[in-house]
J.: 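I have a structure I would like to understand better, so I am pasting it below and will then ask my questions one at a time.
Read the numbers this way: they start at 1 and go in the same order the structure lists the ligands and their atoms.
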Amino acid sequence: MKPAGRASGIGTSIFTEISALAVAHGAVNLGQGFPDFPAPAFIKEAARRAIADDRNQYAPAAGLPRLRAALAARWERLHGAPADADEVTVASGATELLHDAVLAVVDPGDEVVVFEPTYDAYVPDVLMAGGVARPVALRPPHWTWDSAELARAFGPRTRAVILNTPHNPTGKMFSRAELEELAALARAHDAVVISDEVYSELTFDGAAHVPIATLPGMRERTITIDSMGKTFSVTGWKVGWAIAPPPLTQALRAVHQFVTFTNAVPFQEALADGLAEAESNGYFQELRADYTKRRDRLALVLKEAGLPPLPASGTYFLLADPAPFGFADDVEFCKHLCTGIGVAAIPTSVFHLDPASAPKLARFCFAKRDETLDAAAVRLKKLRARH
Ligand code: PMP
Ligand code: GLN
């Protein structure tokens with residue numbers, strides 16, 4: 001059987017590859033981003049309640065009305081920008097919504113601006129829609145773009161931009177000034193912004209998360225995507241949502257209804273209850289304080305191992321340069337780290353269309369128990385001994 005071109009051009013995700021390698025070598029897994037500690041009791045209780053109450057049948061395709069209303073109300077409270085339940089679409093995680101959003105706005109031949117390093121799903125989503133990805137480099141250590149390069153990436157075929165803030169894998173949060181520059185280009189070229197904000201609640205040091213949809217003239221051209229996976233430490237529950245103005249929502253829902261139609265109802269119910277509970281019990285503040293400690297703990301572990309990390313103000317990842325250990329290549333370093341040292345990390349050059357010219361940095365996830373980070377610390381000490 002000859003597979004379609006769109007399928008045969010797509011390889012196995014780096015997260016799957018490194019997780020398999022981590023299992024095979026018994027490595028401490030700081031690779032794929034997922035928490036290894038329990039989810040909050042109130043969200044698990046809410047899911048159990050929904051199952052006990054026989055909430056077993058299909059939800060409306062756009063998502064449970066009470067969940068959509070709760071998400072719209074939270075957006076209004078957080079950002080002071082009006083949102084309506086009719087502008088919210090619930091689907092099977094941010095991954096599905098990214099795919100739906102790209103299919104909803106990109107025609108074959110259309111160009112989509114993406115920032116490198118790009119989260120691994122974006123370029124395949126663009127390719128599956130028949131679009132062309134136009135990469136713009138973010139350069140370390142502050143992951144800024146070159147304004148002239150950004151402006152050159154926009155042209156008559158530009159249909160969309162995929163933004164991610166806070167940004168995986170760099171931990172960068174785009175400033176209001178940067179977002180304004182991007183927004184001006186999007187408006188000038190009549191482009192849609194697909195803004196992946198799945199780490200919106202994982203921000204540190206008081207850094208303010210600015211959704212690009214809240215900038216002047218952007219609400220009508222932005223699809224904002226978020227997910228409960230990171231916020232509630234339940235990456236396997238796969239409930240995400242998009243907020244977009246009615247014409248974009250209509251297109252998004254048209255695609256979503258024939259991709260999954262709807263997703264797990266007990267987890268949608270749990271998110272609706274969980275949001276209300278989290279807002280009243282201080283959960284979001286605690287989450288940030290807790291992750292700040294984890295980030296600082298991993299930063300210390302890496303520093304002591306001879307891998308001082310780059311600064312990060314959001315997400316649950318830190319980046320480090322393996323060059324001091326004589327590794328010019330991050331893929332080679334991460335393979336050695338996993339198989340020889342026993343710690344799994346993600347090479348980030350693979351998040352570039354041209355890995356050869358990319359910064360060669362390794363990404364470490366700190367959504368881990370103290371014991372896990374300490375076990376990684378013990379193993380990472382072997383790095384110095386061997387090199
Ligand atoms: N976007 C980014 C930037 C991510 O890091 C992830 C995964 N962790 C996703 C999307 C996918 O989110 P979900 O698990 O809700 O599909
Ligand atoms: N988003 C997760 C990460 O960046 C991975 C999710 C996945 O494996 N698709 O590690």
J.: Would you say Asn168 has any N or O atom under 3.5 Å from an N or O of ligand 1, going by distance alone?
T.: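 Indeed, backbone or side chain, Asn168 has an N or O that close.
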
J.: Would you say that more than 12 heavy atoms from the other residues, nucleotides or ligands in this model lie under 6.0 Å from the NZ of Lys44, or not?
T.: yes

J.: May I ask you to identify the nearest protein heavy atom to atom 9 (C) of ligand 1, giving residue, atom name and distance to one decimal place in Å?
T.: Tyr119 OH, 3.6 Å

J.: Would you mind running through ligand 1 and noting each atom that sits below 4.0 Å from a heavy atom of Asn164?
T.: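 Reading through ligand 1 atom by atom, the close ones are 3 (C).
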
J.: For atom 6 (C) of ligand 2, what is the closest protein heavy atom, and at what distance to 0.1 Å?
T.: Tyr119 OH, 3.4 Å

J.: Look at atom 2 (C) of ligand 1 and say which protein heavy atom is nearest, naming residue and atom and giving the distance to 0.1 Å.
T.: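 Closest protein heavy atom to atom 2 (C) of ligand 1: Asp196 OD2, 3.3 Å.
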
J.: With nothing but distance in play, are any N or O atoms of Arg363 less than 3.5 Å from an N or O of ligand 2?
T.: yes

J.: Between Ser19 and Gln32, do the side chains contain a donor N or O and an acceptor N or O under 3.5 Å apart?
T.: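 Their side chains do contain a donor-acceptor pair, which is all the 3.5 Å distance test asks for.
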
J.: What protein heavy atom sits nearest atom 5 (C) of ligand 2, and how far away is it?
T.: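 Ranking protein heavy atoms by distance from atom 5 (C) of ligand 2, first comes Phe15 CD1, 3.6 Å.
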
J.: Under 4.0 Å from any heavy atom of Gly93, which atoms of ligand 1 are there?
T.: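 Counting from 1, the qualifying ligand atoms are 15 (O), 16 (O).
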
J.: Measure the acute angle between the ring planes of Phe174 and Phe115, then classify it against the limits of 30° and 60° as parallel, tilted or perpendicular.
T.: tilted

J.: Please determine if Arg363 and Asp330 form a salt bridge, counting it only when a charged side-chain N lies under 4.0 Å from a carboxylate O.
T.: no

J.: Could you walk me through whether Val90 and Leu64 pass side-chain contact (heavy atoms from CB on, under 4.5 Å), step by step?
T.: CA-CA 8 Å; Val90 179; Leu64 288 178; over 6 Å; no

J.: Could you identify the single nearest non-hydrogen protein atom to atom 12 (O) of ligand 1 and state the distance to 0.1 Å?
T.: Ala94 CB, 3.5 Å

J.: Just to verify, which of Lys293, Arg288, Arg294 counts as forming a salt bridge (Lys or Arg N to Asp or Glu O under 4.0 Å) with Asp290?
T.: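 Running salt bridge (Lys or Arg N to Asp or Glu O under 4.0 Å) over Lys293, Arg288, Arg294 with Asp290 returns exactly one hit, Arg294.
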
J.: Indicate whether any N or O donor in one side chain lies under 3.5 Å from an N or O acceptor in the other, for Thr260 and Asn263.
T.: no

J.: What protein heavy atom is closest to atom 14 (O) of ligand 1, reported as residue, atom name and distance in Å?
T.: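 Ranked first by proximity to atom 14 (O) of ligand 1 is Lys238 NZ, 3.3 Å.
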
J.: Do me a favour and list the nearest non-hydrogen protein atom to atom 5 (O) of ligand 1 with residue, atom name and distance?
T.: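 For atom 5 (O) of ligand 1, the nearest protein heavy atom comes out as Tyr199 OH, 2.6 Å.
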
J.: On a heavy-atom basis, which atom in Glu87 and which in Pro246 lie closest, and how many Å separate them?
T.: OE2-CD, 3.6 Å

J.: Search all heavy atoms of Pro169 against all heavy atoms of Phe351 and return the closest pair with its distance.
T.: CG-CD1, 3.8 Å

J.: Just to be sure I read this right, does ligand 2 sit under 4.0 Å from the backbone of Asn168, its side chain, both, or neither, counting only heavy atoms?
T.: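 For Asn168, only side-chain atoms sit under 4.0 Å from ligand 2.
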
J.: Going by heavy atoms in the side chains, are Tyr283 and Pro40 under 4.5 Å from each other?
T.: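 A side-chain contact exists here, since the closest heavy-atom pair is under 4.5 Å.
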
J.: Any N/O of Thr95 closer than 3.5 Å to an N/O of ligand 1?
T.: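 Yes; at least one N/O pair falls below 3.5 Å.
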
J.: May I ask you to identify, for Lys230, whether its side chain, its backbone, both or neither come under 4.0 Å of ligand 1 on a heavy-atom basis?
T.: side chain

J.: Among all the protein's non-hydrogen atoms, which is closest to atom 15 (O) of ligand 1, and how far away is it?
T.: Ser227 OG, 2.7 Å

J.: Quickly, which of Lys381, Lys368, Arg369, Arg297 forms a salt bridge (Lys or Arg N to Asp or Glu O under 4.0 Å) with Asp374? Name it, please.
T.: Arg297

J.: For Phe284, does the six-membered ring have the charged nitrogen or CZ of Arg74 within the cation-pi criterion, i.e. under 6.0 angstrom from the centroid and within 45° of the normal?
T.: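 Checked: cation-pi criterion met.
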
J.: Is there at least one pair of N or O atoms, one from Gly33 and one from ligand 2, spaced under 3.5 Å apart?
T.: yes

J.: Record the part of Thr315 in heavy-atom contact with ligand 1 below 4.0 Å; permitted values are side chain, backbone, both and neither.
T.: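 It is neither part, as no heavy atom is under 4.0 Å.
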
J.: Please state whether Phe34 comes within less than 4.0 angstrom of ligand 2, counting heavy atoms only.
T.: no

J.: Give me the nearest non-hydrogen protein atom to atom 8 (O) of ligand 2 as residue plus atom name, then the distance to 0.1 Å.
T.: Gln32 NE2, 2.7 Å

